[in-house]
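Data block below; observations after.
Quick caveat, the model's predicted, so the values are computed rather than measured. Lettering follows sequence order; numbering is per chain, from 1.
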There are 2 protein chains.
Amino acid sequence: MKFSKKSEYGLRALLELCETYGGRVLQRHEIAERQNIPVEFLEQILLALKRAGLLASRRGMRGGYALIKSPDDITLGQVIRILDGPLAPISCVSKTAYQKCADCPYAAKAACPLQQAMGEVRDAIANILDHYTLSRFAHTKLAEGSSC
Amino acid sequence: MKFSKKSEYGLRALLELCETYGGRVLQRHEIAERQNIPVEFLEQILLALKRAGLLASRRGMRGGYALIKSPDDITLGQVIRILDGPLAPISCVSKTAYQKCADCPYAAKAACPLQQAMGEVRDAIANILDHYTLSRFAHTKLAEGSSC
DNA sequence: GAAGTTGTCTAGTGAGTTGCTCAAGATTTT
DNA sequence: AAAATCTTGAGCAACTCACTAGACAACTTC
């Protein structure tokens with residue numbers, strides 16, 4: 001029940017890109033250095049986010065990446081789904097990638113306890129992440145005493 | 001962001017064991033057949049649940065497994081943690097298996113946006129699963145039209 | 001007390017995923 | 001043209017997942 005490094009790095013990269021939103025572009029090595037992410041791996045992540053329409057890029061000298069959607073219009077849920085796939089804890093409750101489970105004896109009966117429970121979990125996760133905007137994410141201030 | 005087959009099988013096995021709670025024991029092959037689970041794999045799962053104190057077992061002829069805690073006192077959260085480890089989506093927000101993240105630049109600052117967001121997710125998941133008892137789980141009736 | 005039936009334990013294994021690296025190419029600026 | 005940057009695709013070691021196998025221990029029944 002873990003999120004991948006890919007998602008984690010992706011979100012941390014977007015944190016940097018948020019700060020320069022509307023301004024200059026950021027190069028991969030800048031993001032990588034500030035956020036402690038292996039450059040070549042970060043590259044793949046930025047590319048994925050670009051293909052998904054969140055980022056624009058320019059090549060050559062003075063090139064780099066920039067956010068092209070407002071941080072208000074991007075949610076953590078979107079980002080995680082791009083980088084990690086569906087949020088649902090088991091695929092028979094996924095709304096974005098539903099798949100009938102093969103071996104479940106309740107599958108035919110329309111009364112699967114697992115589906116009920118995991119559905120609730122899915123909804124709770126989606127409810128948080130699909131309403132958590134990047135701008136709120138970027139302006140987080142934790143309470144005193146927290147440690148990461 | 002998925003639960004393992006181990007958890008899924010474990011929960012489905014407990015569904016069977018709930019039905020005979022207080023009565024007879026169930027043998028691994030009975031559970032395996034009814035729930036469509038590979039026997040030897042199921043074995044490991046039952047053993048883990050036994051070591052965790054949820055199940056008792058008897059060897060030899062007429063042997064088998066039985067629940068030894070009331071289904072009211074077992075939650076899905078407990079079971080999943082036994083079989084799958086901590087619920088937290090990243091380990092720096094786990095309450096049962098906290099680990100400082102190595103590469104996060106916010107780690108020292110007590111203001112990690114990721115920790116904040118993932119903490120909310122963790123709490124939401126735990127809030128559902130730690131209050132979802134096995135007896136409620138076993139008596140699930142889904143609404144019409146659902147499919148698993 | 002021997003035979004047969006069950007759980008117990010440890011180790012292994014094939015397929016797939018994760019996290020990351022590398023190299024060659026395309027595009028832009030200077 | 002040269003240098004800097006993004007782009008693409010391939011590769012790979014380590015790990016995890018889902019499962020299998022086999023030897024062993026304990027219990028029941030005859």
Side-chain angles (χ1 to χ4, degrees), chain A residues 1-13 17 24-33 35-52 54-68 80 82-86 89-91 101-104, chain B residues 1-13 17 24-33 35-68 80 83-86 89-91 101-104:
Chain A
M1 200 53 187
K2 282 253 171 83
F3 284 117
S4 68
K5 280 279 173 191
K6 215 167 170 182
S7 282
E8 188 196 320
Y9 289 161
L11 289 171
R12 298 227 310 264
L17 288 160
R24 68 192 193 87
V25 300
L26 279 180
Q27 300 181 343
R28 11 170 247 182
H29 75 264
E30 296 184 85
I31 301 174
E33 277 161 27
Q35 289 287 338
N36 246 318
I37 304 172
V39 203
E40 293 89 353
F41 191 31
L42 174 63
E43 192 180 270
Q44 295 178 8
I45 295 167
L46 293 172
L47 256 325
L49 294 175
K50 187 199 164 180
R51 285 192 206 104
L54 303 192
L55 265 41
S57 61
R58 214 175 52 188
R59 307 201 233 200
M61 217 175 175
R62 298 279 308 150
Y65 296 89
L67 257 190
I68 50 174
I80 290 170
I82 291 166
L83 298 173
D84 250 15
I90 53 178
S91 42
C101 32
D103 54 2
C104 172
Chain B
M1 199 55 187
K2 282 252 172 85
F3 286 118
S4 68
K5 280 278 172 192
K6 215 168 171 182
S7 283
E8 187 197 320
Y9 290 161
L11 290 171
R12 298 227 311 263
L17 288 160
R24 68 190 194 87
V25 298
L26 280 180
Q27 300 181 343
R28 9 170 249 183
H29 75 264
E30 297 183 86
I31 301 173
E33 277 161 26
Q35 288 287 339
N36 246 316
I37 303 171
V39 204
E40 294 90 352
F41 192 30
L42 175 63
E43 189 181 273
Q44 296 179 8
I45 295 166
L46 294 173
L47 256 325
L49 295 175
K50 187 199 164 182
R51 286 193 205 104
L54 303 191
L55 265 41
S57 60
R58 213 175 53 188
R59 307 201 231 199
M61 215 174 178
R62 300 278 309 149
Y65 296 89
L67 256 190
I68 50 172
I80 290 171
L83 298 172
D84 249 15
I90 53 178
S91 41
C101 31
D103 55 1
C104 173

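- Contact annotation for A:K50: backbone-only contact, meaning every heavy-atom pair under 4.0 Å involves sugar-phosphate atoms and none involves a base.
- OP1 or OP2 of C:dC9 lies within a sub-4.0 Å distance of a side-chain N or O belonging to B:R51.
- Nucleic acid contact class of B:Q27 (heavy atoms, under 4.0 Å, all strands): sugar-phosphate only.
- For the pair A:E30 CD and D:dA4 P, the interatomic distance rounds to 15 Å; values are reported in whole Å.
- In the model, A:Y9 has a side-chain atom that pairs as donor or acceptor with a side-chain atom of B:D103 under 3.5 Å.
- Here the closest heavy-atom approach between residue B:A66 and residue B:V25 is recorded as CB-CG1, 4.0 Å.
- Checking side-chain atoms of A:Q27 against main-chain N and O of A:G63 turns up a donor-acceptor pair under 3.5 Å.
- With hydrogens and angles disregarded, a donor-acceptor distance shorter than 3.5 Å links the side chain of B:R58 to the backbone of B:R62.
- Positionally, the nearest nucleotide of DNA chain C for B:Y65 lies more toward the 5' end than for the other of B:Y65 and A:V39.
- Contact of B:Q44 with C:dT10 (side chain to base): no donor-acceptor pair of N or O atoms is detected under 3.5 Å.
- The nearest heavy atom of DNA chain C to A:S4 and to B:G63 marks one nucleotide each, and the one closer to the 5' end goes with B:G63.
- Using a 4.0 Å heavy-atom criterion, one finds that B:Y9 contacts the sugar-phosphate atoms exclusively.
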